[in-house]
Structures are given as C-alpha cells and as structure tokens.
Amino acid sequence: MSEITAIPDDLRRQLPAVATLLDHPHLDDLRQRVGERALTRAIRETLATWRARLGAGATERPNEETLVAAIRGVVEARRRLNTRPVFNLTGTVIHTNLGRSPLSESAIEAVVEAARHPVALEYDLAAGRRGDRDRLVEGLLVELTGAEAATVVNNNAAAVLLALTALGAGREAIISRGEMIEIGGAFRMPDVMTTAGCRLIEVGATNRTHARDFQQALGEESGLIVKAHASNYHVEGFTSSVPEAELADIAHAHGIPFMIDLGSGALTDFRALGLPHEARPAEAIAAGADLVTFSGDKLLGGPQAGIVVGRRELIAKLKSHPLKRALRCDKLTLAALEATLRTYRDSETPERDLPTLSMLTRPVMEIAAQAERLLPIVRRTLDGIAEVDVRPCRSQLGSGSLPVDRLDSEAMVLTVSRGRELARLERALRRLPRPMIGRVHEGALWLDLRCLDTTAEEQAFLDQLEQLPTYWREAA
Ligand SMILES: *Cc1c(COP(=O)(O)O)cnc(C)c1O
C-alpha cells in the first residue's frame, strides 16, 4: 500500500514510540531541564494530538523534527503561569480586565519581602501585643487625606458595601437619581444598597438634583446621605447637583453622616501633572464628608484595595463590623499599599515612580519617537503577515476614571489583506508566550504604545514579536 492511500490507522501506527522520542538527542537539554516525567507527559500529549489529527483525516505523518518542536511547545506551554504578564496595548491605561495598575519598584520589593517572611501584620511591635492590620497604612492615609482615621478592605466595592452596612443597615440611604451608577459587573449602587440592608431613597431627577430634594427626604428613618462619583459616564447640558459642602451641612444638621464613594480618588493634583482634574479624597474630607471610599488600584496606582477614610468613630464602627473580617486584605496587599502611599508622601516625583502615573503623563512626542524607532523593525518582522503603519490615536484612562477625557497617543496599526485574517492575527498575538492585547478599530489592529515602557518593555516587545511568524502559522 502506497503512502498516499495509507489509511489513518497505518499512519498512526507509524508514529514513533514514547521511548524513542524520550531518547531523542534533540530533546536531551529539555530532559535535563524539566526532568523525565515532565518530558514523558509532553511526549504523550503531543503523540495523542497527532493520533487525533490522523484519525480526523490528516494524510501526512509528522516527521521527527515536527514532533520535537511540538513537544518543546507543550513543555513551554505547561510551564507558563496562567497569571503570566501580557502587553497592554489596548490604549486603556487602567484596564480592569488586565489587572489595573502595575506596581512601583518599591511596592514590588515590599511585596516580595512580605511574601518571603513573617511580618508584624496584626502585632504591635512597640507594645509587644496583638495589633490592628490597618495600622500599617492608617497613619499614611491620615496624613495624605487629612482624615482622622482609615481602614482598608479588599476593593472599593467592598469598602462601599461595608460602609453602607455598618452605617445604614435597617435605615434609609438617600442618594440623587443622577448617581444611581453601575460600575460594571454586578456593582450597581441601588443593588449594593439593598444588599447592605439600606432602604434606598432616591431624590431629584437624572439630570438635576437640588438641596431641597434632600431636605424633603430627611426623616426619622434617615441613616446617611450618599454621593457617588460619576466615574464612568458624563451628564451634560441642563444639569445641576448639590455641592458636597452643602450636602455635608444638610446631613450634619440632621445628625446623620455624609458618605462619598469617589471611585478613583487621586492622591496627587492631576492638573499639576497636565492631566484633567480628578477629585481627591483630601478635597472630599475638606468639604465635610464623614466617610470617603476609593480604590487602591485605579488612579492611585497601587494594589487592589478599597480604602475608607473619615471620622474616627465611624471608621471604628466599620473596623468592628463582622463584614470587615470577611473583606480584609492580606499582607501582600498591605505591603504594596504602604510602599505606594510612602511614594506619595516622600517622593518629589510620584509621576515617575508610579507606573500608572508615568504612563498617564507620558508625552505624546516620546510615544511618537518610540513608534518611529519601532516601525522599521516591526515592518520587517511582520513582512508577509500584515502591513504596518504608525498613526495618532487617543488613549483613555480607564476603570471609570475621567470617562470623557482622552490622551493623545500613537499606535502601530496592523492591517491584513482579508477581514478573516484579522481574527487570526489577534489570535496569534494572544498566543505569544507574553500575549499582546490590542484593539480592533476600523478593520485594523491598533497597538497603542502609551503603556509600552521605553526602557524595560520595548526590547521584550520586539523579542516577542519576533516569534509571531510561528504563532501566525499555527493560528491559521
Ligand atoms: C471603580 C468604582 C467602584 C468599584 O471599585 P473596585 O475597586 O473596582 O471594587 C465603586 N464606585 C465607583 C464610583 C467606582 O468608580
């Protein structure tokens, strides 16, 4: 029977034995590196894949070279973490799906040390007895926001839930109809309020709410007044809302607290960095807010965390609530947060030390120069796969921060000959050892370079791209 008419069964039988491949000289180094067990597993997996392919009608038997390459691929893929780094070329700087803020070097060091050793997490070193984990960062938060006290939980959604539960359960929470926000996922202000056990009292209209709307809603059952920062949308035109200081006065005259969910919460003056103004916790506290909640990993540029700052007795209530225990953060988060907050306190240039701020403040001229530098190399690498051009684009801050504002940037624009190939290109980029995530726009794939650090990341980007042709072939 000739090769051409061989039935799949024969071809499958012609695949080499596991033992043969295990002793293959071109796999010697791999065997040394990962051990015989891991290598055997990879060989079995590769052979099984080929048996299935031949069973499904493939008419050509793989040669040993192909098998060796595939086995190497399987070993490498198995060694890669699911939580491996990717390139964020989406143009969204604080990308929730990509883990938001990368940490600063000092925060990374703090995390590594805290991971490796025991730390005095809930242990008062001065007094030699049990302590409170919030103490690790509370002093810094107080100093940076002007609040009396602070507590930290898993994320801002948790902070809002904890604050509403501790202050408003069984009572009424009053909020403007213009602020019944949905942040994404299942976080909707009205639902969170209900979950917290508050009775929701909506006042005013979507576009306009006045002081008298709040005053008329106040009564015996009122627990707190809530203001939520419109982080991911913008109402324009005939609008009006009650200034924070006035809302604080209204709440205090009635003897109830006033809470602001800031969402992002910048710890530095964004206008001084040439960015659009972003509300700061310190401003909310100065305006009279009793509790202010914000995220650790949005514009603050730290780890995922929910920070609550405010009046001492209210923070004490939050700390002693059973939910606090369920929502608390671990030592790694607190280590990263402490180091990040120290940067705000001590550094003259937080916009250089914190990657999120440094990406947001990157001058477009620098991005353009980088794009020009990369263009000829990327063109050469992607020859025969895609046409490559550099075009201006607009990055966004992301995670509901400053939703309307855009930052001028530059992108590598990859164009393929047929529409179908665009999905293939995206797939190939996603399969790289360090995946690249771009954005499809006007029938092309845009790689916004704003988040590609010139010193550390540029070479890694080129090294990855060099491997693309292999993944492109496999992604067919
Ligand atoms: C982002 C955001 C939240 C949720 O914060 P997470 O840190 O994602 O939990 C809540 N409220 C507002 C206004 C936000 O912008």
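Read the numbers this way: they start at 1 and go in the same order the structure lists the ligands and their atoms. For this chain, numbers begin at 1 and follow the sequence in order.
With ligand atoms numbered from 1 in the order given, ligand 1 contributes 5 (O), 6 (P), 7 (O) to contacts under 4.0 Å with heavy atoms of Ser295. Proximity to Phe187 (heavy-atom distance under 4.0 Å) selects the following atoms of ligand 1: 10 (C), 11 (N). Those atoms of ligand 1 with a heavy atom of Asn155 less than 4.0 angstrom away are 7 (O), 9 (O). Listed by number with element, the atoms of ligand 1 under 4.0 Å from a non-hydrogen atom of His229 are 13 (C).
With no hydrogens or angles considered, no side-chain donor-acceptor pair links Thr343 and Asp353 at under 3.5 Å. Under 3.5 Å, the side chains of Lys298 and Ser101 contain no donor-acceptor pair of N or O atoms. Residues Asp330 and Thr333 have side chains that bring a donor and an acceptor to within less than 3.5 angstrom of each other. A donor-acceptor contact under 3.5 angstrom links the side chains of Glu366 and Thr454, judged on distance only. Donor-acceptor pairing under 3.5 Å is recorded for the side chains of Ser409 and Asp448. Of the N and O atoms on the side chains of His252 and Asp290, at least one donor lies less than 3.5 Å from an acceptor on the other residue.
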Practice task
Could you walk me through whether Phe214 and His254 pass the side-chain contact (heavy atoms from CB on, under 4.5 Å) test, one step at a time?
Solution key: CA-CA 11 Å; Phe214 285 94; His254 198 76; over 6 Å; no
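For a threshold of 3.5 Å applied to N or O pairs, the pair formed by Ala157 and ligand 1 contains at least one separation below that value. For ligand 1, the polar-atom distance check against Asp261 finds a nitrogen or oxygen pair separated by under 3.5 Å. When only interatomic distances are considered, the shortest N/O to N/O separation between Asp297 and ligand 1 does not fall below 3.5 Å. Taking only nitrogen or oxygen atoms, main chain and side chain alike, Asn156 reaches within less than 3.5 Å of ligand 1.
Neither the backbone nor the side chain of Glu179 has any atom closer than 4.0 Å to an atom of ligand 1 (non-hydrogen atoms only). The proximity of Lys298 to ligand 1, defined as any non-hydrogen pair under 4.0 Å, is limited to the side chain.
At a 4.0 Å cut-off, at least one heavy atom of Arg100 sits close enough to ligand 1 to count as contact.
Stacking of Arg434 on the aromatic ring of Phe87 is recorded, both the 6.0 Å distance cut-off and the 45° axial limit being met.
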